[in-house]
Protein chains: 2
Amino acid sequence: MGILILMATQRTDPLALEVVELIGTVVARYHAEYEQAAAEHALTGAQARVLGLLSMEPIPMRRMAQKLKCEPSNVTGIVDRLEARGLVERRPDPSDRRVKLAAATQEGRSTARRLRESLDFAREPLAQLTEVERAVLRDLLRRMLGEETAEPPSAAGS
Amino acid sequence: MGILILMATQRTDPLALEVVELIGTVVARYHAEYEQAAAEHALTGAQARVLGLLSMEPIPMRRMAQKLKCEPSNVTGIVDRLEARGLVERRPDPSDRRVKLAAATQEGRSTARRLRESLDFAREPLAQLTEVERAVLRDLLRRMLGEETAEPPSAAGS
DNA sequence: CCTGAATATTTGAGATTGTCAAGTATTGGG
DNA sequence: CCCAATACTTGACAATCTCAAATATTCAGG
């Protein structure tokens, strides 16, 4: 019997396939809503993502590239465009003159806040679920993602 | 009590926020794996998505644009590149000479199949869950997404 | 102190994705 | 037959992304 179960979960398990399909739908929906919310603030998806990160704290260009999993030269362009619109500024890093800190301006932070509020992926789909169901969903997603959800320690070098 | 529950689910509900956060993580993970799997077959994400759809059945350019939620002229370019690599071909539609059907070639279908197999978002994260848990997750995702997920059934409803 | 490797950022070239407007071919109703 | 609608392509342009090369700065050794 063990072999049968293994084979069933290994390949063409209809349940797993359906879950993957559903997750694909969630991903598509999430993306569409994010792009639309960004567009309503005259931002592209990439710009909204960067601005969202910078609204929390100033970040060196290099680290931003790591967070976005892209080349640093790409971040240069995105920050350029945000800076040209007064949403972001570059500051020197006092402790290392090679580093430039990208930081949201006052206007950038308020744009980021409005963006977050208009991003109601939370409300609409989750409203279908009861409190208990949401807790179950949270636990299942946690287990699915494993423990690595936590931030990697920023103090120690990677 | 009703008012309290309403307020709690309306704004800054920590449970809903955490679920949204987790979904964001799932989205990021899914995307990263998809792009990587595509890249391993020398495809971009957009090309992989189109090829995946075409591996099922030929589709008019117009409908492809609707599925991808983009302009038809964009599909032209993506299919151009896939066609230049012999993965896709354009066929006339016998019933309407305005229409061009994009169809995967033999090689295109086999590439799409290998791509699907290497896309193991299914196996790794879902392996953490038991059969029952996966079923619960499926039902919660279905409810969350509403009924619109289902294909218009030809025979019985879902 | 000086040299050289390593690091942080930018610049420039080029590919891809995406939009929009305009052009061509075909369909179908009046 | 005519004309609006439809399907697709083309061309121009912006944004995102990668890669290689250039610049500035740090830091470790001699």
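Just so it is clear: chains get the letters A, B, ... in the order the sequence lines come, proteins before strands, and each one is counted from 1. Keep in mind that the numbers below use all heavy atoms, side chains included, and drop hydrogens, waters and symmetry copies.
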Trainee: In whole Å, what is the span from the CG atom of Leu101(A) to the C1' atom of dT9(C)?
Mentor: 12 Å
Trainee: I want to check one thing: is the phosphate of dT17(C), taken as OP1 and OP2, less than 4.0 Å away from some side-chain N or O of Arg81(B)?
Mentor: yes
Trainee: How is Ser73(A) classified with respect to the nucleic acid when contacts are heavy atoms under 4.0 Å: base, sugar-phosphate, or nothing?
Mentor: base
Trainee: Taking only N and O in the side chain of Arg97(A), is any of them less than 4.0 Å away from OP1 or OP2 of dA24(D)?
Mentor: no
Trainee: In whole Å, I'd like the distance from the CZ atom of Arg49(A) to the C1' atom of dC17(D).
Mentor: 12 Å
Trainee: Hey, are Arg29(B) and Glu33(B) close enough for a salt bridge, meaning a charged N less than 4.0 Å from a carboxylate O?
Mentor: no
Trainee: Less than 4.0 angstrom between a side-chain N/O of Arg98(A) and OP1 or OP2 of dA24(D), yes or no?
Mentor: no
Trainee: Would you call Arg90(B)-Asp80(B) a salt bridge at under 4.0 Å N-O?
Mentor: yes
Trainee: Between Cys70(A) and Gly77(B), name the one whose nearest nucleotide on DNA chain D is closer to the 5' end.
Mentor: Gly77(B)
Trainee: Atom CG of Asp80(B) to atom P of dG11(D): distance rounded to whole Å?
Mentor: 11 Å
Trainee: May I ask you to decide whether Arg134(B) forms a salt bridge with Glu18(A), counting only side-chain N to carboxylate O separations under 4.0 Å?
Mentor: no
Trainee: Taking for each residue the nucleotide of DNA chain D bearing the nearest heavy atom, is the 5' side occupied by Asn74(B) or by Asp96(B)?
Mentor: Asp96(B)
Trainee: Between dC19(D), dT19(C), dT10(C), which one does the side chain of Met61(A) approach most closely?
Mentor: dT10(C)
Trainee: Between dA15(D), dT9(D), dT17(C), which one does the side chain of Thr44(A) approach most closely?
Mentor: dA15(D)
Trainee: Can you tell me if Arg90(A) touches the phosphate of dT10(C), counting only side-chain N or O atoms and a distance under 4.0 Å to OP1 or OP2?
Mentor: yes
Trainee: From CD of Gln36(A) over to P of dT19(C), roughly how many Å is that when rounded to an integer?
Mentor: 13 Å
Trainee: What is the nucleic acid contact for Asp93(A), judged by heavy atoms within less than 4.0 Å: base, sugar-phosphate only, or nothing?
Mentor: nothing
Trainee: Are Thr76(B) and dT9(D) close enough that a side-chain N or O sits under 4.0 Å from OP1 or OP2?
Mentor: yes
Trainee: Please report the distance, rounded to the nearest Å, between CG in Leu43(A) and C1' in dA15(D).
Mentor: 13 Å
Trainee: Round to a whole Å and report the spacing from CZ of Arg62(A) to P of dA8(C).
Mentor: 5 Å
Trainee: Considering only heavy atoms from C-beta outward, does the side chain of Arg85(A) approach that of Gln47(A) to under 4.5 Å?
Mentor: yes
Trainee: Could you tell me how far apart Leu68(B) (CG) and dT16(C) (P) are, to the nearest whole angstrom?
Mentor: 17 Å
Trainee: Determine, stepwise, if the pair Ser110(A) / Arg114(A) fulfils side-chain hydrogen bond (donor to acceptor under 3.5 Å, both in side chains).
Mentor: CA-CA 6 Å; Ser110(A) 100; Arg114(A) 271 180 281 124; 3.2 Å; yes
Trainee: Separation of Leu51(B) atom CG from dT17(C) atom P, in whole Å?
Mentor: 13 Å
